2 protein chains.
Amino acid sequence: MTTQTLTRNQGLVLDVLSHSEGPLSAYTILDKLRDSGFRAPLQVYRALDKLLEFGLVHRLESINAFVACAHPDEGCHAHGITAFTICETCGKVTEFHDHVIEDRLKSFAKDRNFKTGKTTIEIRGTCAGCA
Amino acid sequence: MTTQTLTRNQGLVLDVLSHSEGPLSAYTILDKLRDSGFRAPLQVYRALDKLLEFGLVHRLESINAFVACAHPDEGCHAHGITAFTICETCGKVTEFHDHVIEDRLKSFAKDRNFKTGKTTIEIRGTCAGCA
DNA sequence: CAATTGATGTAATAACATTACATTTCAATT
DNA sequence: AATTGAAATGTAATGTTATTACATCAATTG
Ligand SMILES: [Zn+2]
Ligand SMILES: [Zn+2]
Ligand SMILES: [Zn+2]
Ligand SMILES: [Zn+2]
């Protein structure tokens, strides 16, 4: 799935996120797209839903914000669980994948017959640059 | 920290959460405490802040809800990172601790000089009983 | 008692997200 | 080209979650 196949609204939202230094809330995205014709939150949320589905954007549950995927071409979706560090000072987000963690979580779930859906791993703190 | 040292509002909120089948939103807690004199969201949020601080309650970031700690007497705080499975059908929450996962996350952070604050691990899905 | 601190009450507002419904776009099929 | 069905869009209204601001009250302590 490349940018080419996106609709206008999806493309605009992804563009804003891609050029942002850090994660943005839906309403911040809306504000940045007023000049492009966006008028209502739903325009943003609908675009975000699709971008999340395509694996081009991640939602950070602990801060109610969205961030462009750091490596969308490598099929972030396929890499399994994505974990994040989130700097509470500068907003910098780092994505990573850890197979050991993933295996531990999967095995915990399997042992209890828990059918795993979406998994959230987010570390909030202070990045090296802000320490 | 035992229930004895809690203020009236804190005790009421913890009581509601402790007797609930699953996680509750702040506003649901508020509704359940109207008869006890609660009138405003802040009464709930303030009590929750303290209960979170005491380690008696956990916040589930991915569903904006709160749950009583499953083993408050064992010093959940001290056990390090708490992970959760959350059944999206019945709301059942299971708390667990995994030192391997914790070590992996800590070492990832340390390698990057990221100072770790609060860490969220939440698996949403379907529990054995709801499958 | 005066001062400080922590907790509470209340109203208002901010921030985040969804429902509902009408309309448009666009590709597939006839 | 016209039909049509699915996906996307526009807009308003509403619902849900959380915080700010300010006044008051209660317990502690010097
Ligand atoms: Zn990614
Ligand atoms: Zn930083
Ligand atoms: Zn706990
Ligand atoms: Zn269940």
Side-chain angles (χ1 to χ4, degrees), chain A residues 1-17 20 22-54 56-67 86 88 91 118 120 122 124, chain B residues 1-17 20 22-54 56-67 86 88 91 118 120 122 124:
Chain A
M1 180 62 64
T2 69
T3 304
Q4 313 271 18
T5 75
L6 300 178
T7 65
R8 170 177 159 81
N9 285 4
Q10 290 160 18
L12 287 168
V13 169
L14 181 56
D15 227 49
V16 166
L17 282 175
S20 167
L24 300 175
S25 76
Y27 278 74
T28 301
I29 295 170
L30 174 58
D31 285 341
K32 288 182 183 293
L33 288 175
R34 298 256 182 218
D35 291 345
S36 303
F38 274 45
R39 311 286 307 161
L42 199 52
Q43 294 176 292
V44 177
Y45 283 111
R46 285 202 277 228
L48 285 171
D49 282 347
K50 285 297 177 184
L51 294 170
L52 288 166
E53 187 182 320
F54 299 155
L56 298 176
V57 163
H58 298 288
R59 178 189 168 82
L60 302 174
E61 306 284 356
S62 66
I63 60 171
N64 294 330
F66 303 85
V67 67
I86 305 168
E88 290 176 317
K118 187 170 186 307
T120 297
E122 298 175 13
R124 294 183 301 298
Chain B
M1 179 64 61
T2 69
T3 304
Q4 314 272 20
T5 74
L6 300 178
T7 65
R8 169 178 160 82
N9 285 4
Q10 291 160 15
L12 287 168
V13 169
L14 180 57
D15 226 49
V16 166
L17 282 175
S20 167
L24 300 175
S25 76
Y27 279 76
T28 301
I29 295 170
L30 174 58
D31 285 343
K32 289 182 183 294
L33 289 175
R34 298 257 182 219
D35 292 345
S36 303
F38 274 45
R39 312 285 308 159
L42 200 51
Q43 294 175 293
V44 177
Y45 283 110
R46 285 201 277 227
L48 285 171
D49 282 347
K50 284 298 178 186
L51 294 170
L52 288 166
E53 187 183 321
F54 299 156
L56 298 175
V57 162
H58 298 287
R59 177 189 169 83
L60 302 173
E61 306 284 356
S62 65
I63 59 171
N64 294 330
F66 303 85
V67 67
I86 305 169
E88 291 175 316
K118 186 168 188 308
T120 297
E122 298 175 12
R124 293 180 307 293

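This structure is a prediction, so every number in the text was calculated from the model and none was measured. Proteins come first, then strands; the chains are lettered A, B, ... in the order of their sequence lines, and each starts at number 1.
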In whole Å, what is the span from the CZ atom of B/Phe38 to the P atom of C/dT8?
8 Å
Does the side chain of B/Thr120 come under 3.5 Å of the side chain of A/Glu122 through a donor N or O and an acceptor N or O?
no
A/Arg59 has a side chain; which of C/dT10, C/dA17, C/dA7 sits nearest to it?
C/dA17
Would you say B/Asn64 reaches D/dA18's phosphate, i.e. side-chain N/O to OP1/OP2 under 4.0 Å?
yes
For A/Arg39 and A/Arg34, work out which heavy atoms get closest and say how close.
O-NH1, 3.4 Å
Whole-Å distance between D/dA8 P and A/Leu6 CG?
10 Å
Rounded distance [0.5 Å steps], CG in B/Asp31 versus CZ in B/Phe38
12.0 Å
Option from A/Asn64, A/Val67, A/Leu48, A/Asp49 for which side-chain contact (heavy atoms from CB on, under 4.5 Å) with A/Arg59 holds
A/Asn64
Donor-acceptor pair under 3.5 Å, B/Arg46 side chain vs C/dG6 base
no
Of the candidate nucleotides D/dT11, C/dT10, C/dC16, which contains the atom at the shortest distance from the side chain of A/Ala40?
D/dT11
Can you tell me how far P of C/dT8 sits from CG of B/Leu30, to the nearest Å?
15 Å
Phosphate OP1/OP2 of C/dG9 contacted by B/Gln43 side-chain N/O (<4.0 Å)
yes
Can you tell me the distance, in whole Å, between the CD1 atom of A/Ile29 and the P atom of C/dC16?
11 Å
Expressed in angstrom and rounded to an integer, what is the separation of A/Tyr45 atom OH from C/dT19 atom C1'?
14 Å
On DNA chain C, compare the nucleotides closest to A/Ile63 and B/Arg39; which residue's is nearer the 5' end?
B/Arg39
If you check every side-chain atom of B/Asn9, which of C/dT8, D/dT19, C/dA17 has the closest atom?
C/dT8
In whole Å, what is the span from the CZ atom of A/Phe54 to the C1' atom of D/dA8?
11 Å
Do any N or O atoms from the side chain of B/Ser20 and from the backbone of B/Pro23 form a donor-acceptor pair under 3.5 angstrom?
no
Distance, rounded to the nearest Å, where B/Glu53 contributes CD and C/dA7 contributes C1':
13 Å
The side chain of A/Thr7 lies closest to which of these nucleotides: D/dG10, D/dT9, D/dA18?
D/dT9
Kindly point out which of C/dT10, C/dA20, D/dT9 is positioned nearest to the side chain of B/Leu42?
C/dT10
Would you kindly give the CG-to-P distance between B/Asp31 and D/dT17, to the nearest whole Å?
10 Å
B/Arg8 or A/Tyr27: which one's nearest nucleotide on DNA chain C is closer to the 5' end?
B/Arg8
Closest nucleotide among D/dG10, D/dA8, C/dA17 to the A/Phe66 side chain
C/dA17
